[in-house]
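Okay, so here's the structure we're looking at.
Just so it is clear: chains get the letters A, B, ... in the order the sequence lines come, proteins before strands, and each one is counted from 1.
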Amino acid sequence: MKPSIPKGTRDFTPEDMLKRNFLFDTIKSSFQRFGYLPLETPSMENLSTLMGKYGEEGDKLIFKILNSGDFLSEVSADELSLKNSKKLTSSISEKALRYDLTVPFARYVVMHQNEITFPFKRYQIQPVWRADRPQKGRYREFFQCDADVIGTNSLLCELELLQLIDDVFAKLGLNVVVLINNRKILSGIAEVFNESEKIIDITVAIDKLDKIGPEKVAEEMRTKGVSEKAIDGLKPLLVFEGSDQEKIDLLKKLLQSSEVGIQGITELETLLDYASPFTFKNIEYKVDITLARGLNYYTGAIFEVKTNEPKATFNSSICGGGRYDDLTGIFGLPGMSGVGISFGADRICDVLEELNLFPANVESSLDLLFINFGEDDIPYSLQLLNKVRAAGINAEMYPDAAKMKKQFSYADARKIPFVVMAGSEERAASTLMLKDMKTGDQQKMELNSLIEFIRNRN
RNA sequence: GUGGAUGUAGCUCAGUCGGUUAGAGCGCUAGUUUGUGGAUCUAGAGGUCGAGGGUUCGAUCCCCUCCAUUCACCCCA
């Protein structure tokens, strides 16, 4: 049989992993710098924990796990004959692969509420699974890198997330734009047009504005049964162009009758006030009234990050998040507000790859290769190798006394920057020959100078 | 779930208006007297032309079905 892996999943080669580890390490170091604590949760959750948290579409995209054993014996013949997959699912599946990291986190917080000191800041870097059709930048298994603060309403958390995003992308050397909006503003808009129950349809439609244009957005709202009055009223808002302040002024006028709308505007203004004194290195942030975001547990600020590099062809969001006021409520712990962001590691990898932003040395996992000159010289080389390793340098010796050509080709293929030759000549003089694989230069030196040389380089 | 595109060597692809031993580049392996790689040269290995069926004297090529990959929609990191 031909070996294969499931659609939308990938093997990561050593070259891939060196790059991915570099990315995970930089994100993790930023998370830690900002005071977030590590957490991991199981790959699978109870299906009931996940269902209903991501909207109707989300439920369909959850990977369900078939019950073990003779899972059909419990199902009645009637139920089977109905062929209602949705209903049947709950009888034959009670576990599912996690769909994101936020809902498992909420579940964790509720289960461990008595041990946790609030506000609780945690980061979590783990794979998630979605039964989507794969396409460019979309995988069925991918890694999210989440940082969340739960147990405080403070808008300083939103500011911190902006700074965290900046910190990460500055380290990666990637310029990004952060789009900011607030779900309360979207609720307010729906409210003033008497369309509160259509809020999700409206937000989903206007989220597509930059893709399909205002006419199609209006059309989509129309097919969803949104009133003409509301569609007309929304139009000027959608096509409005201006500074963040001008957008806010417009919203203030429009939403003056909506309490929740006003509150959203106030939150947004506060966040912008907090952010204004700071100079950000790699992010540009701006208010985007059309930003809606799909996950329907968001209630306050929402963020989305896209690349801000003209050369990048990849324009989907690489990072997103927001505030959820009551995610733990459904698990029995009401009134616990949280806010967080999620870095899409796989998409960021794709972008860094496209723009060639991975540091040149991520692929050289070894500093030194010792040439194997055969039985007589092995003990001497081994001794040097041990000392070099003890000094914190990554090194290895070629296992066979193969031809020089072969050993050097190996060093080349592995992208090892330096090769040590310690054969009979060097052994006699208690020295070694160091060759720079890039320039081809080689020079005799003592062990101590070698260690110093490599250290200074790293 | 809906629609389009593509499956030929390890990778990227050419090709035959249906005709005998199916090609290139890259990669891989090997090569000039026993301690020197990346550029060049020489040689070599490697393909039931995605799978099954049909049309035909004859199919990698035409037709059908299936499978896989991929892009877009929906939705999303």
Which nucleotide in the set [options] lies at the smallest distance from any side-chain heavy atom of [X]?
| X | options | result |
| --- | --- | --- |
| A:D412 | B:rA72, B:rG37, B:rA77 | B:rG37 |
| A:K405 | B:rC74, B:rA72, B:rG37 | B:rG37 |
| A:R138 | B:rA30, B:rG37, B:rC75 | B:rC75 |
| A:R347 | B:rA77, B:rG31, B:rA72 | B:rA77 |
| A:Q135 | B:rC71, B:rA77, B:rC75 | B:rC71 |
| A:K136 | B:rC75, B:rG35, B:rA72 | B:rA72 |
| A:K7 | B:rC75, B:rG37, B:rU69 | B:rU69 |

Assess whether one donor atom and one acceptor atom, taken from the side chain of [X] and the base of [N], lie less than 3.5 Å apart.
| X | N | value |
| --- | --- | --- |
| A:R133 | B:rU2 | yes |
| A:E426 | B:rG35 | yes |
| A:K435 | B:rU36 | yes |
| A:Q442 | B:rU36 | yes |

Stacking between A:F343 and the base of B:rA77 (centre distance under 5.5 Å, interplanar angle under 30°)?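 It does not: the ring fails the test against the base of B:rA77.
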Can a salt bridge be assigned to the pair [X] and [Y] using a cut-off of 4.0 Å between side-chain N and carboxylate O?
| X | Y | result |
| --- | --- | --- |
| A:D325 | A:K184 | yes |
| A:K224 | A:E195 | no |
| A:R130 | A:D100 | no |

Both A:M433 and A:F143 contact RNA chain B. Taking the nearest nucleotide for each, which residue is further toward the 5' end? A:M433
If I pick the C1' atom on B:rC28 and the same atom on B:rC67, what distance separates them, to the nearest angstrom?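 Per the computed distance, 30 Å lies between those C1' atoms.
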When you measure from the side chain of A:R98 to the backbone N and O of A:P42, does any donor-acceptor pair fall under 3.5 Å?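 It does hold such a pair.
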Measure from CD on A:Q443 to C1' on B:rU36 and round the result to the nearest Å.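 Value for this atom pair: 16 Å.
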Validation row: A:I206, A:L186 side chains within 4.5 angstrom (heavy atoms):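 Counting from C-beta outward, A:I206 and A:L186 do come under 4.5 Å.
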